[in-house]
Amino acid sequence: MKGGLVVVGGGPAAFAAAAAYREAGGGGHVRVVSADNDPPYNRPSLTKDYLRGEAEEVELSLEAPAFYAEREIELTLSTCVERLHSGRHTVDLSSGRSLEYETCILATGSKPATLPVPGGDDPSVHRMRFLTQARRLRGVVEEASSAVVVGSGFIGCEAASSLARRGLTVTMVSTEELPQLARLGREAAERIAQWLVEGGVRLVGGVEVESIRDGSRVDCADGTHHVGDVVLTAVGIEPQSGIATDAGLDVEHGRVVVDEHMRASAPDVFAAGDVAFARNGAAGRHLVVEHWGEALAMGEVAGKVAAGASSSWAQAPGFWSEIGRHSLKYSAWGDGYDDARFVAHDGDAFTVWYGSGGITVGVLTHETDADYEHGMSLVSAGRPLP
């Protein structure tokens, strides 16, 4: 079946790409082919209000079914794209069908990484990325009294906090001495640790997990072990770039190499979101970015350019996180800094300015929105540290 645009994936980048393509006047068929069982939904809520039982699934959808019908966007769910044939402009589906395209946008995203230890792949060990996983975890939590969370990234911190607020006894186990120490610096990490402890999370840092037994016991290299009715591993993600690799597209860091317009190395193929290793026009280099907002932004760029409009990715990446009753806002290029300047404000508000060679490369704020907005402009413009 011939068509104008085929979007592969069902997350924020895929949603934004299809919507932007139509809004920019893109014609022909628009098909979004997603391996997910659910229409595009708000993933950041999964570890926050949804896991806490404060939001229901109906509130997670990015748009109602009428949105897609009105724009003539065809959603095909629970279907994988198994192969991309860029030379003949077709994709093969797991259903046995093949689709022809004029333009293809790869927005396949990522999946949660499996902890590479014995028992890490036990089906009873939970991971968090998709609504199906969150749905299962939320159901189990209703009967649980304790949890062990492995990993101290933002997903791990958010989930641990939410589980503690559900009344579970929660232990967080991490190789990091403090949560987010490498990414955000010591003073910010100490604040996050304080919030988690105050919220009822027990922190066990600086230890390696050796195995997980029966999906409930986490054994550590220092001889200790931690037991929970629920074990959740939050140890990073793996980009879903297999079809791009098989198709011969340029791939680096497990991601599809694209320019600031999201164009890949094959004609009429774009990539956006977690699966893209995109060049940022303001940074002047390719970046690894895993933020919800950037997936939307990249998808919008890809959709507009596919429709013949002009657009490029040239903003400083940014996102927010909610840990207990505290919110963090973070904007940074994300590929390193040599200076972190912590500034305390009234109450428990604070700002951290990140620099490299004296140039602002990031900002982290808690209850200082003016600094966040100012910081984003400094990062994008490559201005000196304030």
Side-chain angles (χ1 to χ4, degrees), residues 7-14 16-17 35 43 80-81 83-84 86 104-116 120 127-130 151-156 175-176 180-184 233-266 269-302 305 312-319 330-338 354 356 361-362 379-380:
V7 181
V8 185
R43 283 192 183 140
C80 296
V81 171
R83 194 158 190 88
L84 165 69
S86 60
C104 179
I105 299 177
L106 300 178
T108 45
S110 58
K111 65 180 181 179
T114 299
L115 189 67
R127 287 175 283 276
M128 181 68 80
R129 190 75 180 174
F130 307 108
S152 59
F154 282 109
I155 296 295
T175 57
E176 288 191 290
Q180 301 287 336
L181 179 60
R183 184 199 294 254
L184 302 179
T233 59
V235 292
I237 58 103
E238 297 175 0
Q240 303 267 53
S241 57
I243 61 171
T245 300
D246 292 343
L249 274 63
D250 291 345
V251 174
E252 293 184 24
H253 306 291
R255 294 167 165 85
V256 184
V257 179
V258 297
D259 63 15
E260 60 265 42
H261 311 294
M262 304 299 124
R263 292 187 184 276
S265 56
V269 177
F270 296 73
D274 286 359
V275 78
F277 184 44
R279 185 180 189 277
N280 184 286
R285 59 189 183 275
H286 286 74
L287 300 173
V288 171
V289 179
E290 300 169 359
H291 309 332
W292 172 265
E294 294 327 298
L296 290 170
M298 289 183 192
E300 182 177 344
V301 170
V305 175
S312 63
W313 184 47
Q315 65 190 47
F319 74 100
Y330 178 67
S331 178
W333 297 130
D335 53 359
Y337 60 89
D338 57 31
Y354 300 94
S356 179
V361 295
V379 174
S380 294

* To do: Look up atom CD in Glu252 and atom CZ in Phe277, then write down how far apart they are to the nearest 0.5 Å.
  => 5.5 Å
* His261 side chain vs Phe270 backbone, donor-acceptor pair below 3.5 Å -> no
* If you take all heavy atoms of Ala282 and Ser380, which pair is closest and at what distance? -> CB-O, 3.6 Å
* Donor-acceptor contact present, side-chain Glu294 to main-chain Gly318, <3.5 Å -> yes
* Asked: When you look at Val8 and Ile243, which way does the side chain to side chain contact (heavy atoms under 4.5 Å, CB included) test go after all the steps?
  -> CA-CA 10 Å; Val8 185; Ile243 61 171; 4.2 Å; yes
* Taking atom CZ of Phe130 and atom OG of Ser110, what is their separation to the nearest 0.5 Å? -> 6.5 Å
* Using the test salt bridge (charged side-chain N to carboxylate O under 4.0 Å, His left out), find all partners of Glu300 that sit at least two apart in sequence or belong to another chain. => Lys304
* Heavy-atom pair of closest approach, residues Val361 and Gly336 -> CG2-O, 3.7 Å
* What heavy-atom pair brings Arg43 and Pro12 nearest, and what distance separates the two atoms? -> NH1-CD, 4.0 Å
* From Arg279 atom CZ to Ser312 atom OG, the distance as rounded to the nearest 0.5 Å -> 9.5 Å
* **Interatomic distance, Ser86 atom OG to Leu106 atom CG [nearest 0.5 angstrom]** => 10.0 Å
* Could you tell me whether a side-chain N or O of Thr233 sits under 3.5 Å from a main-chain N or O of Arg127, the two making a donor and an acceptor? => no
* **CA sep, side-chain torsions, deciding dist, call: Val301, Met262, side chain to side chain contact (heavy atoms under 4.5 Å, CB included)** => CA-CA 7 Å; Val301 170; Met262 304 299 124; 3.9 Å; yes
* **Rounded distance (nearest 0.5 Å) linking atom CG of Asp335 with atom CG of Asn280** => 10.0 Å
* Main-chain N/O of Ala283 paired with Arg285 side-chain donor or acceptor, under 3.5 Å -> yes
* Going by atom types alone, do Ser152 and Glu176 pair a side-chain donor with an acceptor below 3.5 Å? -> yes
* **Contact summary for Glu238 and Thr114, nearest pair of heavy atoms** => OE2-N, 4.1 Å
* Search all heavy atoms of Glu260 against all heavy atoms of Gly281 and return the closest pair with its distance. => CB-N, 4.1 Å
* To do: Mind checking the CZ-CG spacing from Arg255 to Asp274? Nearest 0.5 Å is all I need.
  => 6.5 Å
* To do: Kindly assign one of parallel, tilted or perpendicular to the pair Tyr330 and His291, based on the angle between their ring planes and the thresholds 30° and 60°.
  => perpendicular
* State, with a plain yes or no, whether a side-chain heavy atom of Leu184 is found less than 4.5 Å away from one of Phe154. => yes
* Asked: Is the side chain of Ser265 donor-acceptor paired with the backbone N or O of Leu249 at a distance under 3.5 Å, no angle test?
  -> no
* To do: Flag the pair Val251 / Val257 as yes when at least one side-chain heavy-atom distance between them is below 4.5 Å, and no otherwise.
  => no
* Does some side-chain heavy atom of Ile237 sit less than 4.5 Å from a side-chain heavy atom of Lys111? -> no
* Side-chain contact, heavy-atom cut-off 4.5 Å: Ile155 with Met128? -> yes
* Hey, does the side chain of Thr108 reach the backbone of Gly9 with a donor-acceptor pair shorter than 3.5 angstrom? -> no
* Asked: Heavy-atom distance under 4.5 Å between the side chains of Pro317 and Trp333, does that happen here?
  -> yes
* Minimum heavy-atom separation for Ala244 to Val256, with atom names? -> CB-CG2, 3.5 Å
